[in-house]
Amino acid sequence: MYRYCYLLILFPILLLGCHSTNEADGILEKAIAQHGGSAYDDLHVSFQFREISYGLKRSGGQFVYSRSFEDSLGIQHDDTLSNNGFFHWEDGKAKMLSSELMLAKEEALNSVMYFALLPQPLADEAVIAEYLGVTQLEGQQYHKVSVTFDEKGGGTDFQDVFLYWFRTDNHALDFLAYTYEVEEGGARFRKAVNQREVGGIVWNDYINYKAPKENEQFNQVDSLYSAGALDSLSFINLTNMKAYE
């Protein structure tokens, strides 16, 4: 599952999709503020994820996302996604890629940044948010919000569906779930852990669970989680996080 979020910085941080309900708008605004608000506008951090080094810069409407790793043959790979497009280097030399491979690498980099920056990407104009009421998870009350995407501006995966759970007391993002269509499709449920502040932003790691994709079951995935019916698959953690001036 990949989302094209890198154009979000062209819009004000609290601008929400015109398709959203007023109640959902307010919840998303408060969640973004809780996790960093205006700090997203001017941000420079680095981190590691699955042994790959990532960099993230956002300032004055400009952005640079980067990743760097060495493959099994000892070749150094560097990818950069910015307002100017996507570029790939191998051992320091620019490398031309097929359109298919370039898109795959671009989407892989963008996907990591999208999830890392949540809930800020929910300020995108393509977001269609619906308030689903208050529910309870692990003894805590949550606002449950469904998010879909307008085909225009919603990226290559506009058909994906997201669910978010924000605490009713402080609007922190503690749980999310999503469907995806790539590689035969599927669904995931994530529980936020190790919430910490770096560079003025509250970041989450996640325990990743397999979830049912069927609409009725997916919409009740929080109940399935509470019943212990979901199997954990992996741990999504960002390590060695550093903030820069």
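What's counted below: heavy atoms across the whole structure, side chains too, no hydrogens, waters or symmetry copies.
Note on Tyr164 and Tyr131: same hydrophobic cluster, where clusters join Ile, Leu, Val, Met, Phe, Trp and Tyr whose side-chain heavy atoms are under 4.5 Å apart, directly or indirectly.
Using a cut-off of 4.0 Å between Lys/Arg side-chain N and Asp/Glu carboxylate O, Asp79 and Arg67 are scored as salt-bridged. Ion pairing of Glu181 with Lys213 is present here, as a side-chain N (NZ or NE/NH1/NH2) and a carboxylate O approach within less than 4.0 Å.
Side-chain atoms of Gln62 and Ser82 form no donor-acceptor pair, as typed in the model, at a separation below 3.5 Å. Counting only N and O atoms by type, the side chains of Asp205 and Asn237 include no donor and acceptor under 3.5 Å apart. For Asp160 and Thr179, the side-chain atoms include no donor-acceptor pair closer than 3.5 Å. Side-chain atoms of Asp91 and Gln76 form no donor-acceptor pair, as typed in the model, at a separation below 3.5 Å. Ser46 and Tyr244 share a donor-acceptor pair across their side chains, judged by distance under 3.5 Å alone.
With Tyr178 as the aromatic partner, Arg190 does not meet the cation-pi criteria of under 6.0 angstrom to the ring centre and within 45 degrees of the ring axis.
Side-chain contact between Lys242 and Val198 is absent, with no heavy atoms from C-beta onward closer than 4.5 Å. Ile207 is listed as a side-chain neighbour of Phe235, based on a closest heavy-atom distance under 4.5 Å.
Within 6.0 Å of the CD atom in Glu138, the count of heavy atoms belonging to other residues, nucleotides or ligands exceeds 12. Residue Asp169 places its CG atom among more than 12 non-hydrogen atoms of other residues, nucleotides or ligands, all under 6.0 Å distant.
Taking all atoms of both residues into account, the shortest heavy-atom contact from Pro212 to Ala187 is O-CB, 3.6 Å.
Two rings, from Tyr225 and Tyr209, have their centers less than 6.0 Å apart. Taking the six-membered ring where the residue is Trp, the centroids of Phe175 and Tyr142 are separated by under 6.0 Å.
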Walk me through it: do Arg58 and Asp42 pass the test salt bridge (charged side-chain N to carboxylate O under 4.0 Å, His left out)? CA-CA 5 Å; Arg58 297 159 61 97; Asp42 190 7; over 6 Å; no
CA sep, side-chain torsions, deciding dist, call: His88, Asp78, side-chain hydrogen bond (donor to acceptor under 3.5 Å, both in side chains): CA-CA 6 Å; His88 175 74; Asp78 294 286; over 6 Å; no
